[in-house]
Amino acid sequence: MATAVPAERDAVARAFPEPGEEVRLPGAVLFRTTAGVGPSGTTAGADPRRTAAVIDLLAAGVGPARAAAATGAALTAAALTGTPYDLVVSAGIGGGFAPGAPLGSLVVADAITVADLGAETADGFLPVTELGFGTVTHRPPESLVRAVAEATGARTGTVLTVSTVTGTAARAAALRTRHPRALAEGMEGFGVAEAADAQGVPVLEVRAISNPVGPRDRAAWRIGDALAALTAAFGKFAPALESWRSV
Ligand SMILES: O=C(O)c1cccc(C(=O)CC[C@H]2O[C@@H](n3cnc4c(=O)[nH]cnc43)[C@H](O)[C@@H]2O)c1
């Protein structure tokens, strides 16, 4: 589970009651905890058929490059010790596009799209794929997106990754014109997804909305509410994960 900053990692950690331990790796420091998963998708502790899923929480850094580097380090370490990850989740607060993603709501990405990787031309922006290389979108497993959205009440749509936070109505409108399904923007999802894709691991992105995408207005931020929404969402995560794995 890769967040940008420790406050987001700790919000996710509060959803998992087991005491965790710190694991130091070259290029990444993990907080390792567990969540009970079982055949029935319950979270009760008495079922002997249940196994504990290991969950590594990583404050991977702000921005797509740092997030990709730290996530890649964690993925490589896990693979080299013979315990590769089944899933990578990019999680954090984010900006919400009105009216689809109001403050405090939760968005699960069905497409993780980088919005500003490409070339500016006289005729407008060209994504890197139209220049003949790379990728601009990663798609999380549909059934997982569905299961997590149903369990958490999240909305589903495109989550954009940007290197520059949108700060004007004009930029927000331009992004929505180019990405009509966009519900949210953050700064790490695509980087985390690139690292996961490079090692063949599925990826998911979850954003709790802390501010509207648009004109800069720090007074409008609701970071506490968004962090609380993250904790609540990850409290419902283990059963959703189990229902996905059993499909
Ligand atoms: O100074 C500003 O105007 C401003 C507005 C929104 C966010 C920031 C940040 O520095 C936070 C970046 C951090 O949080 C995620 N995040 C939260 N809201 C947004 C957003 O509207 N657009 C992009 N990223 C956002 C992001 O993933 C970073 O980890 C500053």
- Task: Give a yes or no answer on whether the side chain of Asn211 reaches the backbone of Gly96 with a donor-acceptor pair at less than 3.5 Å.
- Result: no
- Starting at OG1 of Thr135, measure out to CG of Leu117 and round the result to the nearest 0.5 Å. 9.5 Å
- Check the side chains of Glu185 and Thr166 for a donor-acceptor pair under 3.5 angstrom, ignoring hydrogens and angles. yes
- Heavy-atom closest contact (Phe16 atom, Phe234 atom, distance): CZ-O, 4.1 Å
- Note on the structure: For Leu75 and Ala195 the tightest heavy-atom approach is CD1-O, 3.5 Å
- How about Thr137 and Thr113: does a side-chain donor come under 3.5 Å of a side-chain acceptor? yes
- Message: Whether Glu18 and Arg32 form a salt bridge (side-chain N of Lys/Arg under 4.0 Å from carboxylate O of Asp/Glu) is what I want to check.
- Response: no
- Val114 with Val159, same ILVMFWY side-chain cluster at under 4.5 Å: no
- Checking Glu8 side chain against Val5 main chain: does a donor-acceptor pair fall under 3.5 Å? yes
- Within-4.5 Å side-chain heavy-atom neighbours: Leu204 and Phe237: yes
- Query: Do Pro140 and Ile112 have side-chain heavy atoms sitting under 4.5 Å apart?
  - Reply: yes
- Task: Kindly check if the number of other-residue, nucleotide or ligand heavy atoms within 6.0 Å of CD (Glu21) is above 12?
- Result: yes
- Message: Applying side-chain contact (heavy atoms from CB on, under 4.5 Å) to Leu57 and Asp10, what does each step give before you reach the verdict?
- Response: CA-CA 9 Å; Leu57 308 180; Asp10 295 346; over 6 Å; no
- Query: In terms of hydrophobic clustering (I, L, V, M, F, W, Y; side-chain heavy atoms under 4.5 Å; direct or indirect links), are Leu58 and Val201 co-clustered?
  - Reply: yes
- Should Val108 and Met187 be regarded as members of a common hydrophobic cluster, given that ILVMFWY residues are connected when their side-chain heavy atoms come within less than 4.5 Å of each other, either directly or indirectly? no
- Ignoring hydrogens and angles, tell me if any N or O in the side chain of Thr231 forms a donor-acceptor pair with the backbone of Leu227 under 3.5 Å. yes
- Heavy-atom nearest pair, Arg176 first then Ala98, reads NH1-O, 3.7 Å
- Query: Are there more than 12 heavy atoms of other residues, nucleotides or ligands under 6.0 Å from atom CZ of Arg139?
  - Reply: no
- Flag, side chain of Thr161 to backbone of Phe190, donor-acceptor distance under 3.5 Å: yes
- Item | CA sep, side-chain torsions, deciding dist, call: Val107, Thr156, side-chain contact (heavy atoms from CB on, under 4.5 Å) | CA-CA 6 Å; Val107 175; Thr156 58; over 6 Å; no
- Query: Charged N to carboxylate O under 4.0 angstrom, Asp110 versus Arg181?
  - Reply: yes
- Smallest separation among heavy atoms of Leu30 and Ala74, with atom names: CD2-CB, 4.0 Å
- Message: Is the shortest side-chain heavy-atom distance between Thr3 and Val12 below 4.5 Å?
- Response: yes
- side-chain contact (heavy atoms from CB on, under 4.5 Å) assessment of Ile223 paired with Ile93: CA-CA 7 Å; Ile223 291 178; Ile93 63 172; 4.2 Å; yes
- Message: So Val136 and Val128, do their side chains get closer than 4.5 Å, heavy atoms only?
- Response: yes
- Task: Check whether Leu144 and Val203 end up in the same hydrophobic cluster, where Ile, Leu, Val, Met, Phe, Trp and Tyr are linked by side-chain heavy atoms less than 4.5 Å apart.
- Result: no
- Message: Could you tell me if the side chain of Glu194 sits less than 4.5 Å from the side chain of Pro64, heavy atoms only?
- Response: no
- Side chain proximity check, Asp56 to Tyr85, heavy atoms < 4.5 angstrom: yes
- State yes or no: do Ile55 and Leu25 share one hydrophobic cluster built from I, L, V, M, F, W and Y residues joined by side-chain heavy-atom distances below 4.5 Å, directly or via other members? no
- Task: Say whether, by atom type as modelled, one donor and one acceptor occur between the side chain of Ser243 and the main chain of Ala240 under 3.5 angstrom.
- Result: yes
- Task: Please examine the side chains of Leu160 and Phe97, heavy atoms only from C-beta on, and report whether any two atoms are closer than 4.5 Å.
- Result: yes
- Task: List the atom of Glu188, the atom of Val62, and the distance in Å for their closest heavy-atom pair.
- Result: OE2-CA, 3.5 Å
- Note on the structure: Residues Pro102 and Arg155: closest non-hydrogen pair is CD-NH1, 3.4 Å
- Item | Beyond-backbone contact of Pro215 with Thr168, side-chain heavy atoms, under 4.5 angstrom | no
- Atom pair CG/OG1 of Leu230 and Thr152 - distance to nearest 0.5 Å: 10.5 Å
- Between Ser210 and Trp221: side-chain donor-acceptor atoms closer than 3.5 Å: no
- Test side-chain contact (heavy atoms from CB on, under 4.5 Å) on Val89 and Val206 and set out the steps. CA-CA 7 Å; Val89 181; Val206 178; 4.3 Å; yes
